[in-house]
Amino acid sequence: MDWLRHSFSRSSRNSKSPNTQTQSNSKGRKEEEEEERIYGITEELINHVKSFTVDTFKNFPLQDEDEATYGEEAQSTSNKVRTDLSQWQEKHATLILSRVKEISQLRYVLCPRHLKEKQFWKIYFKLARSHVVEYELRAVQQEKLKRMAMEDEKSSDNSPYEVEMAEAKHGNFIEPTSPS
């Protein structure tokens with residue numbers, strides 16, 4: 001009788017597992033989709049990126065000043081994305097490499113034989129600019145708003161008493177006179 005109960009409980013656990021796993025996979029995919037949306041990974045961008053060829057990158061006009069400016073190599077992160085990119089661009093690059101195998105293959109073929117890593121990403125972001133600029137600007141704006149909110153929060157943490165004490169320490173505080 002005990003083995004039957006044990007067997008039944010195990011089968012009921014197993015029958016719940018796939019459902020729970022499906023829910024967590026569904027939740028994980030929704031989070032991935034939200035992240036991709038934030039970083040501008042849209043179907044339009046994916047189709048645009050898939051149209052890139054080796055020649056697209058090789059024949060892209062880079063100014064000589066860019067060459068001189070980028071003579072020194074920046075370090076790569078653990079995700080193999082350049083650290084000379086903004087934080088938003090770095091995350092976007094990581095996502096696009098994982099989502100679009102064609103760009104990953106192009107990067108493999110081009111870097112470092114034909115282009116430096118920095119040149120590759122500079123060209124990529126110029127080619128993709130029309131598709132990603134609004135997402136990058138939104139991210140920059142949201143970051144500024146967060147910083148402003150944090151600064152406001154810090155300044156509102158000072159109570160009026162603390163402000164008066166700070167002013168008194170600096171000699172800016174004037175003692176109120178009592179009526180005579």
Side-chain angles (χ1 to χ4, degrees), residues 23-54 56-108 110-112 115-163 166-167 170:
Q23 287 174 347
S24 70
N25 286 345
S26 165
K27 185 179 178 182
R29 183 63 198 146
K30 284 181 183 178
E31 289 171 359
E32 284 177 20
E33 288 172 357
E34 176 65 17
E35 185 176 51
E36 286 178 358
R37 188 190 61 73
I38 290 170
Y39 288 96
I41 311 296
T42 63
E43 287 303 316
E44 294 83 21
L45 174 68
I46 291 169
N47 291 332
H48 182 61
V49 169
K50 286 181 177 181
S51 73
F52 297 169
T53 65
V54 169
T56 305
F57 283 83
K58 280 183 168 181
N59 298 332
F60 193 88
L62 284 177
Q63 285 74 21
D64 290 336
E65 70 225 28
D66 290 341
E67 296 285 331
T69 307
Y70 302 125
E72 229 176 271
E73 285 293 308
Q75 297 297 315
S76 292
T77 64
S78 60
N79 293 333
K80 303 291 186 206
V81 174
R82 306 294 299 191
T83 56
D84 52 342
L85 300 175
S86 73
Q87 198 172 17
W88 185 92
Q89 288 174 330
E90 191 175 319
K91 183 64 177 175
H92 172 89
T94 302
L95 289 171
I96 200 74
L97 285 172
S98 66
R99 184 78 154 72
V100 183
K101 68 178 181 196
E102 291 85 350
I103 194 73
S104 184
Q105 291 168 344
L106 273 175
R107 183 171 159 255
Y108 178 78
L110 290 165
C111 300
L115 292 172
K116 293 177 181 172
E117 185 82 15
K118 188 166 195 161
Q119 293 171 319
F120 176 85
W121 288 113
K122 185 172 184 73
I123 293 168
Y124 168 82
F125 279 107
K126 285 186 178 190
L127 291 170
R129 186 179 198 301
S130 65
H131 294 276
V132 300
V133 70
E134 70 182 86
Y135 297 96
E136 189 171 10
L137 287 174
R138 189 176 308 131
V140 168
Q141 290 169 341
Q142 287 177 341
E143 187 59 36
K144 283 182 182 177
L145 289 173
K146 282 181 191 175
R147 257 189 266 125
M148 288 170 55
M150 287 175 62
E151 288 171 7
D152 285 349
E153 190 176 299
K154 284 181 183 176
S155 66
S156 69
D157 285 348
N158 294 334
S159 69
Y161 177 74
E162 289 173 347
V163 172
E167 289 174 347
H170 290 82

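Numbers for residues simply follow the sequence, beginning at 1. Being a predicted model, the structure only gives us computed values, none of them experimental.
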Exercise for the section: Nearest 0.5 Å please: distance from the CG atom of Leu110 over to the CZ atom of Phe52. Expected result: 12.0 Å
Practice task
Measure the acute angle between the ring planes of Phe120 and Tyr124, then classify it against the limits of 30° and 60° as parallel, tilted or perpendicular.
Solution key: parallel
Exercise for the section: Run the salt-bridge test on Arg37 and Glu34 with the 4.0 Å N-O cut-off and return the result as yes or no. Expected result: yes
Practice task
Return yes if some donor-acceptor pair links the side-chain N/O of Thr56 with the main-chain N/O of Thr53 below 3.5 Å, else return no.
Solution key: yes
Exercise for the section: For residues Tyr39 and Trp88, determine if any side-chain heavy atom of one lies less than 4.5 Å from a side-chain heavy atom of the other. Expected result: yes
Practice task
Take Glu151 and Arg147 through the test salt bridge (Lys or Arg N to Asp or Glu O under 4.0 Å) and record every step on the way to the result.
Solution key: CA-CA 6 Å; Glu151 288 171 7; Arg147 257 189 266 125; over 6 Å; no
Completion exercise
Interatomic distance, CD@Gln87 vs CD@Glu136, rounded to 0.5 Å, equals 11.5 Å
Exercise for the section: Find out whether Glu102 and Val49 are in side-chain contact, i.e. whether some heavy atom of one side chain is under 4.5 Å from a heavy atom of the other. Expected result: no
Handout entry: Any Leu45 side-chain heavy atom under 4.5 Å of Arg99 side chain
Key = no
Practice task
Please report the C-alpha distance between Arg138 and Ile38 in whole Å, then the side-chain angles of each, then the deciding distance to 0.1 Å, and finally whether the side chain to side chain contact (heavy atoms under 4.5 Å, CB included) criterion is met.
Solution key: CA-CA 9 Å; Arg138 189 176 308 131; Ile38 290 170; over 6 Å; no
Completion exercise
d(Phe60 CZ, Gln119 CD) to nearest 0.5 Å is 11.5 Å
Problem - Any Leu85 side-chain heavy atom under 4.5 Å of Lys91 side chain - result: no
Practice task
Check whether any side-chain heavy atom of Phe57 lies under 4.5 Å from a side-chain heavy atom of Leu127, and answer yes or no.
Solution key: yes
Exercise for the section: Measure the shortest side-chain to side-chain distance between Phe125 and His92 over non-hydrogen atoms and say whether it is less than 4.5 angstrom. Expected result: yes
Practice task
Supply the atom-to-atom distance His131 NE2 to Asn47 CG, rounded to the nearest 0.5 angstrom.
Solution key: 9.0 Å
Practice task
Take Trp121 and Gln89, measure what side chain to side chain contact (heavy atoms under 4.5 Å, CB included) needs, and give me the verdict at the end.
Solution key: CA-CA 9 Å; Trp121 288 113; Gln89 288 174 330; over 6 Å; no
Problem - Distance in Å, Glu43 CD paired with Lys50 NZ, rounded so as to fall on 0.5 Å steps - result: 7.5 Å
Fill in the blank from the handout: In terms of heavy-atom contacts, Arg107 and Leu97 come closest through NH1-CD1, 3.5 Å
Practice task
Working to the nearest 0.5 Å, report the span between NZ of Lys58 and CG of Leu106.
Solution key: 11.0 Å
